[in-house]
Amino acid sequence: MTEKLAPEKRHRFDHNGQTVFEWDQTLDEVNMYINLPPNVPAKQFYCKIQSKHVEVGIKGNPPYLNHELTCPVKMDSSFWTLEDDVMHITLTKRDKGQTWASPIMGEGQLDAYATDLEQKRLMLQRFQEENPGFDFSQAQFTGNCPDPRTFMGGIRSD
């Protein structure tokens, strides 16, 4: 049932008509997807993840991305992989349930409506996680959605 509450589509950050990266999020993670250039050996790519910073590039060249993250991440459980010509970066949120408007500070921010939709989806994901026997996939919020981190005493860590 949790699969029904997973991101239905990825958000895109485009610059000058070109997709820089796509991304989605869950209660725990923000996932970034970067299409890799062809004919570059996998060993040449790198990704450096810090608490509030990410750097991505090809060794010996200026970084492709070198930006502050919107929110801090857990460095010990954040990682990156290369899969079918795509770099997949998994950033583990330091504050579980926090709604990110973009992975990168000031770049590709979601508008207020899209941010609200993300917050509602994360709240439903939280309900599903805390009540595994129930199906919240058809649940709807009317009015403003509460913050998934703090609603009804906050997220349990047990």
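What you see is a predicted model; the values in this text were computed from it and never measured. Starting from 1, each residue takes its place in the sequence as its number.
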Of all residues at least two apart in sequence or in a different chain, which pass the salt bridge (Lys or Arg N to Asp or Glu O under 4.0 Å) check with Asp28?
Lys96
More than 12 heavy atoms of other groups within 6.0 Å of Lys48 NZ:
no
Charged N to carboxylate O below 4.0 Å: is that the case for Glu129 and Arg126?
no
Have a look at Ile49 and tell me which of Thr92, Thr90, Leu91 forms a side chain to side chain contact (heavy atoms under 4.5 Å, CB included) with it.
Leu91
Output the distance between atom OG1 (Thr115) and atom NZ (Lys120), rounded to the nearest 0.5 Å.
12.0 Å
Got a donor-acceptor contact below 3.5 angstrom from the Asp95 side chain to the Gln98 backbone?
no
Pair up each side-chain donor or acceptor in residues 63-75 with any protein partner under 3.5 Å, not counting sequence neighbours, and list the distances.
from: Tyr64; atom 1: OH; to: Val20; atom 2: O; distance (Å): 3.0
from: Asn66; atom 1: OD1; to: His53; atom 2: NE2; distance (Å): 2.6
from: Glu68; atom 1: OE2; to: His53; atom 2: ND1; distance (Å): 2.9
from: Thr70; atom 1: OG1; to: Ser102; atom 2: O; distance (Å): 2.4
from: Thr70; atom 1: OG1; to: Pro103; atom 2: O; distance (Å): 3.3

Could you tell me the separation between the CD atom of Gln128 and the CG atom of Leu27, rounded to the nearest 0.5 Å?
11.0 Å
With sequence neighbours left out, the residues meeting salt bridge (Lys or Arg N to Asp or Glu O under 4.0 Å) with Arg12 are Asp14
Distance check, rounded to the nearest 0.5 Å: Asp24 atom CG versus Glu29 atom CD?
9.0 Å
Leu36 side, atom CG; Asp85 side, atom CG - distance, nearest 0.5 Å
6.5 Å
Side chains of Ile34 and Val56 in contact at under 4.5 Å (non-hydrogen atoms):
yes
Would you find a donor on one side and an acceptor on the other, under 3.5 Å apart, between the side chain of Asn131 and the backbone of Phe127?
yes
What residue pairs, at least two apart or across chains, pass ring pair (Phe, Tyr, Trp, His ring centres under 6.0 Å) with a residue in residues 96-126?
none
Can you name the residues that form a ring-ring contact (aromatic ring centres under 6.0 Å, His included) with Tyr33, not counting sequence neighbours?
His88
With rounding to the nearest 0.5 Å, note down the distance linking CD in Gln25 to NE2 in His11.
6.5 Å
Asp84 CG: over 12 foreign heavy atoms closer than 6.0 Å:
no
Side chains of Phe21 and Ile104: closer than 4.5 Å at any heavy-atom pair?
yes
Sequence-distant partners of Pro37, side-chain contact (heavy atoms from CB on, under 4.5 Å), two or more places apart
Val40, Phe45, Ile58
Indicate, with yes or no, if Val86 and Trp80 share a hydrophobic cluster defined by side-chain heavy-atom contacts under 4.5 Å among Ile, Leu, Val, Met, Phe, Trp and Tyr.
no
With sequence neighbours left out, write down each residue that passes salt bridge (Lys or Arg N to Asp or Glu O under 4.0 Å) with Glu22, or none if nothing qualifies.
Arg10
Residue set satisfying side-chain hydrogen bond (donor to acceptor under 3.5 Å, both in side chains) with Glu83, at least two apart, ordered chain then number -> Thr81
Please lay out, stage by stage, how His15 and Glu107 fare under the test side-chain contact (heavy atoms from CB on, under 4.5 Å).
CA-CA 9 Å; His15 181 71; Glu107 302 289 347; 5.6 Å; no
Mind checking ring-ring contact (aromatic ring centres under 6.0 Å, His included) for Tyr46 and listing every partner two or more places apart, or none if nothing turns up?
none
Rounded distance (nearest 0.5 Å) linking atom CG of Leu122 with atom OG1 of Thr26:
7.5 Å
Can you name the side-chain hydrogen bond (donor to acceptor under 3.5 Å, both in side chains) partners of Gln119, sequence neighbours left out?
none
